[in-house]
Amino acid sequence: MFGSDNEVKSDKIKGAKKIRKPRYAFQTRSQVDILDDGYRWRKYGQKAVKNNKFPRSYYRCTHQGCIVKKQVQRLSKDEGIVVTTYEGMHSHPIEKSNDNFEHILNQMQIYTSY
DNA sequence: CGGTTTTGACCGGCGC
DNA sequence: GCGCCGGTCAAAACCG
């Protein structure tokens with residue numbers, strides 16, 4: 001299941017031949033970890049991290065063909081800071097108002113890896 | 001009713 | 001070889 005993961009695994013074992021899954025980390029200042037960026041997410045697990053006093057939440061896009069994964073983690077140092085990490089690329093339009101999305105971006109700092 | 005959520009348990013990989 | 005960790009999935013329950 002979930003070819004996306006399988007693909008990455010294969011790449012790792014083989015030696016990274018294809019493009020890597022893009023990873024985008026968003027650091028947001030919010031009291032709630034449930035940030036609606038405009039996509040639909042379904043929580044599939046919650047695990048506690050050792051460097052963090054708070055558990056990390058794992059979310060996945062519920063769109064057909066959309067295998068984007070997202071994980072939300074809070075900074076143990078600042079409970080008001082929420083780190084949202086996006087994995088993969090979306091292949092469908094957002095169902096929320098771009099205005100709202102822009103407003104959210106306005107309050108988040110974007111960090112891009114790769 | 002459908003969709004979603006929550007917890008627990010399980011598996012694989014890696015280290016020593 | 002064994003233990004450990006992280007990560008993911010499953011089922012059940014709940015809500016609108």
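Chain letters run A, B, ... following the sequence lines, proteins first, then strands; residues in each count from 1.
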In Å, rounded to the nearest 0.5 Å, how long is the span from [atom1] of [X] to [atom2] of [Y]?
| X | Y | atom1 | atom2 | result |
| --- | --- | --- | --- | --- |
| A:Q46 | A:Y59 | CD | OH | 7.0 Å |
| A:M89 | A:C61 | CE | SG | 14.0 Å |
| A:T28 | A:I81 | OG1 | CD1 | 8.5 Å |

**Report entry** Nucleic acid footprint by protein, nucleotides 2-8 of chain B - heavy-atom cut-off 4.0 Å, B for base, S for sugar-phosphate alone
**Finding:** --SBBS-
Euclidean distance, atom [atom1] of residue [X] to atom [atom2] of [N] [Å, nearest integer]:
| X | N | atom1 | atom2 | answer |
| --- | --- | --- | --- | --- |
| A:K47 | B:dA9 | NZ | P | 12 Å |
| A:Y58 | C:dA10 | OH | P | 18 Å |
| A:I67 | C:dT8 | CD1 | P | 14 Å |

Query raised in the report: Hey, does the side chain of A:K69 come within less than 4.0 Å of C:dG7's phosphate (OP1/OP2), counting only N and O?
Result: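 Checking A:K69 against C:dG7: no side-chain N or O falls below 4.0 Å of OP1 or OP2.
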Requested in this report: Examine C:dT8: is either OP1 or OP2 under 4.0 Å from a nitrogen or oxygen in the side chain of A:R60? Give yes or no.
Outcome: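 Negative; the distance criterion is not met.
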Query raised in the report: Only one of A:R60, A:K47, A:R56 forms a side-chain contact (heavy atoms from CB on, under 4.5 Å) with A:Q71, so which one is it?
Result: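 Filter result, single survivor: A:R56.
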Query raised in the report: For A:N52 and A:L75, which heavy atoms make the closest approach, and how far apart are they?
Result: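 Closest pair (atom of A:N52, atom of A:L75, distance): OD1-C, 3.6 Å.
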Report task. Could you tell me how the ring of A:Y39 sits relative to the ring of A:W41: parallel (under 30°), tilted (30 to 60°) or perpendicular (over 60°)? Result ->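 If you compare the ring of A:Y39 with that of A:W41, the planes turn out perpendicular.
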